[in-house]
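Numbers restart at 1 for each chain; the letters A, B, ... are given by sequence-line order, proteins then strands.
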2 protein chains.
Amino acid sequence: MAAETFPIGEAARRCGVKVPTIRYYEGIGLLPAPSRTEGNRRLFDAADLRRLAFIRHARELGFEVDAIRTLLSLQDDPDQPCAAADAIARERLADVEQRIAKLMALKDELERMLEQCASGRVAECRVIETLADTTHRHGPFT
Amino acid sequence: MAAETFPIGEAARRCGVKVPTIRYYEGIGLLPAPSRTEGNRRLFDAADLRRLAFIRHARELGFEVDAIRTLLSLQDDPDQPCAAADAIARERLADVEQRIAKLMALKDELERMLEQCASGRVAECRVIETLADTTHRHGPFT
DNA sequence: CTTGCTCCTCTAGCAACTAGAGGATGTAGA
DNA sequence: TCTACATCCTCTAGTTGCTAGAGGAGCAAG
């Protein structure tokens, strides 16, 4: 049985990515070069689409292409030395946890503002304070 | 009492932002133009630094400059119609909640991999599946 | 007063797209 | 079969959000 394949336009629609972006990802090696038709058109399979959707989500979350590349390398080479995979996963995990913490703080603040708004008062906004620097001390400051 | 001020280099060090980036933010209007010395050097005050740190965090979280602009507008114009502020905050909140959900999923998967690694086995990696598209359906698909 | 650091402006480059020109392909109807 | 029209192809150029570097001025210490 021949597996289902999709032209680039439908891949784009399904994954919420623009057509040129897909070609771009292929160009920089994030997405493997898909098979082609007689007429030289790309044909993507389900695995390609899953990978593409993953890339889109990761980019939306603010991961750099290089970070995504290492994340995908966990997937692509499950046989790489455990220590290497561990290091990559550990590093990504720390990053992810920090992001979550900051987003939670921001969420709380936005909710507080919405509550005040609901009660008819104009909120004094403290969004700036919510992301106050607790994690980025890399020098001797006063 | 004259409030404490800081030259651009120290502002950069304190906020974890590069010097040209600060000038860039000023250029695009994210940061108000600070006062200057006789010799034409920028002097930032504590409020500027807080704003700058906020921008850095928000950028790290993957917010676009425009999104940050609207977040800061909540701060800058607390007197804008409540409905407008509410809409902005609500939209940002939805975004933030989605990000958190996705990051949580990714976190779980990375932790699962680290556990397997700890127990000596090579993890089969499912990072791709963890961000499977539950939120981005904008067409009638099969 | 000069050595050396920080600052200034300005221009050019990079990452990650995004849009458009110019042309080939694929498909559906007359 | 012919033609209209969407979709695809490659390639180049533009956009956003920085980042690095040239060339020069300001300032503090010895």
Side-chain angles (χ1 to χ4, degrees), chain A residues 4-45 48-49 51-72 136 139-141, chain B residues 4-45 48-49 51-72 136 139-141:
Chain A
E4 208 179 354
T5 57
F6 314 88
I8 199 168
E10 202 180 337
R13 241 172 290 118
R14 283 180 185 241
C15 296
V17 175
K18 288 176 188 156
V19 167
T21 306
I22 297 181
R23 293 197 273 249
Y24 172 74
Y25 287 154
E26 181 187 330
I28 61 170
L30 268 193
L31 216 50
S35 58
R36 301 265 184 148
T37 65
E38 284 278 300
N40 198 33
R41 296 176 170 214
R42 279 168 256 258
L43 281 182
F44 298 90
D45 62 22
D48 291 328
L49 295 206
R51 191 179 181 97
L52 184 52
F54 175 81
I55 295 168
R56 181 178 75 84
H57 286 296
R59 289 292 301 135
E60 267 173 18
L61 292 173
F63 289 105
E64 289 172 10
V65 164
D66 258 18
I68 297 173
R69 222 187 282 278
T70 58
L71 270 172
L72 286 172
H136 191 82
F141 308 146
Chain B
E4 206 179 357
T5 58
F6 314 88
I8 198 168
E10 202 179 338
R13 241 172 292 116
R14 284 180 184 243
C15 297
V17 175
K18 288 176 186 154
V19 167
T21 305
I22 297 180
R23 292 197 274 250
Y24 173 74
Y25 287 154
E26 182 187 330
I28 61 170
L30 270 193
L31 215 51
S35 58
R36 301 267 183 146
T37 65
E38 284 279 301
N40 198 33
R41 297 178 170 212
R42 276 167 261 254
L43 281 183
F44 297 90
D45 62 23
D48 292 327
L49 295 206
R51 192 180 180 96
L52 184 51
F54 175 81
I55 295 168
R56 181 179 74 86
H57 286 297
R59 287 294 300 138
E60 269 173 15
L61 292 173
F63 289 104
E64 289 171 11
V65 164
D66 258 18
I68 297 173
R69 221 187 283 276
T70 57
L71 270 172
L72 286 172
H136 190 83
F141 308 146

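In plain terms, the two heavy atoms of B/Ala11 and B/Phe6 that are nearest each other are N-CB, 4.5 Å. Residues A/Leu49 and A/Arg14 share a closest heavy-atom pair of CD1-CD, 3.6 Å.
If you take CD of B/Glu26 and P of C/dC7, they are 14 Å apart, rounded to a whole angstrom. Whole-Å rounding puts the A/Glu64 CD to D/dC18 C1' distance at 12 Å. Here the P atom of nucleotide D/dT7 and the CZ atom of A/Phe44 are 16 Å apart, to the nearest Å. Taking atom CZ of residue A/Phe6 and atom P of nucleotide D/dC8, one finds them 13 Å apart after rounding to whole Å. One interatomic measurement links the two molecules: CD1 of B/Ile28 to C1' of D/dT19, which rounds to 14 Å at whole-angstrom precision. Atom CD1 of A/Ile55 and atom C1' of C/dC17 are 14 Å apart (whole Å). As rounded to whole Å, 13 Å separates atom C1' of C/dC14 from atom CG of A/Asp66. The CD1 atom of A/Ile22 sits 13 Å away from the C1' atom of D/dT7 (whole-angstrom rounding).
Not one side-chain nitrogen or oxygen of B/Arg42 sits closer than 4.0 Å to the OP1 or OP2 atom of C/dC7. Under 4.0 angstrom from either OP1 or OP2 of C/dC17 there lies at least one side-chain N or O belonging to A/Arg59. For the pair A/Tyr25 and C/dC17, the criterion of a side-chain N or O lying under 4.0 Å from OP1 or OP2 is met. The phosphate of D/dT16 has neither OP1 nor OP2 within less than 4.0 Å of any side-chain N or O from B/Tyr24. Proximity of A/Thr21 to the phosphate of C/dT18: a side-chain N or O atom is located under 4.0 Å from OP1 or OP2.
By the 4.0 Å N-to-carboxylate-O rule, A/Arg51 lies too far from A/Asp48 to be salt-bridged with it.
A/His57 contributes atom NE2, which lies 11.5 Å from atom CD1 of A/Ile68 (distance to the nearest 0.5 angstrom). For the atom pair CG (B/Leu43) and CD (B/Glu10), the distance works out to 11.0 Å, reported to the nearest 0.5 Å.
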Atom pairs and distances, donor-acceptor, side-chain atoms in residues 16-32 of chain A, under 3.5 Å, two or more places apart:
unit_1  : atom_1 : unit_2  : atom_2 : d
A/Glu26 : OE1    : A/Arg42 : NH1    : 2.8
A/Glu26 : OE2    : A/Arg42 : NH1    : 3.3

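Put simply, the side chain of A/Arg56 gets close to the backbone of A/Cys15: a donor and an acceptor are under 3.5 Å apart.
B/Arg23 comes within 4.0 angstrom of a nucleotide base, judged by non-hydrogen atoms across all strands.
Relative to the side chain of B/Val19, the nucleotides C/dC7, D/dA20, C/dT18 differ in distance, and C/dC7 lies closest. Here the side chain of B/Lys18 is nearest to one of D/dC8, D/dG17, D/dA20, namely D/dA20.
Taking a 4.0 Å limit (strictly below) on heavy-atom distances, residues 34-41 of chain A reaches DNA chain C at A/Gly39, A/Arg41.
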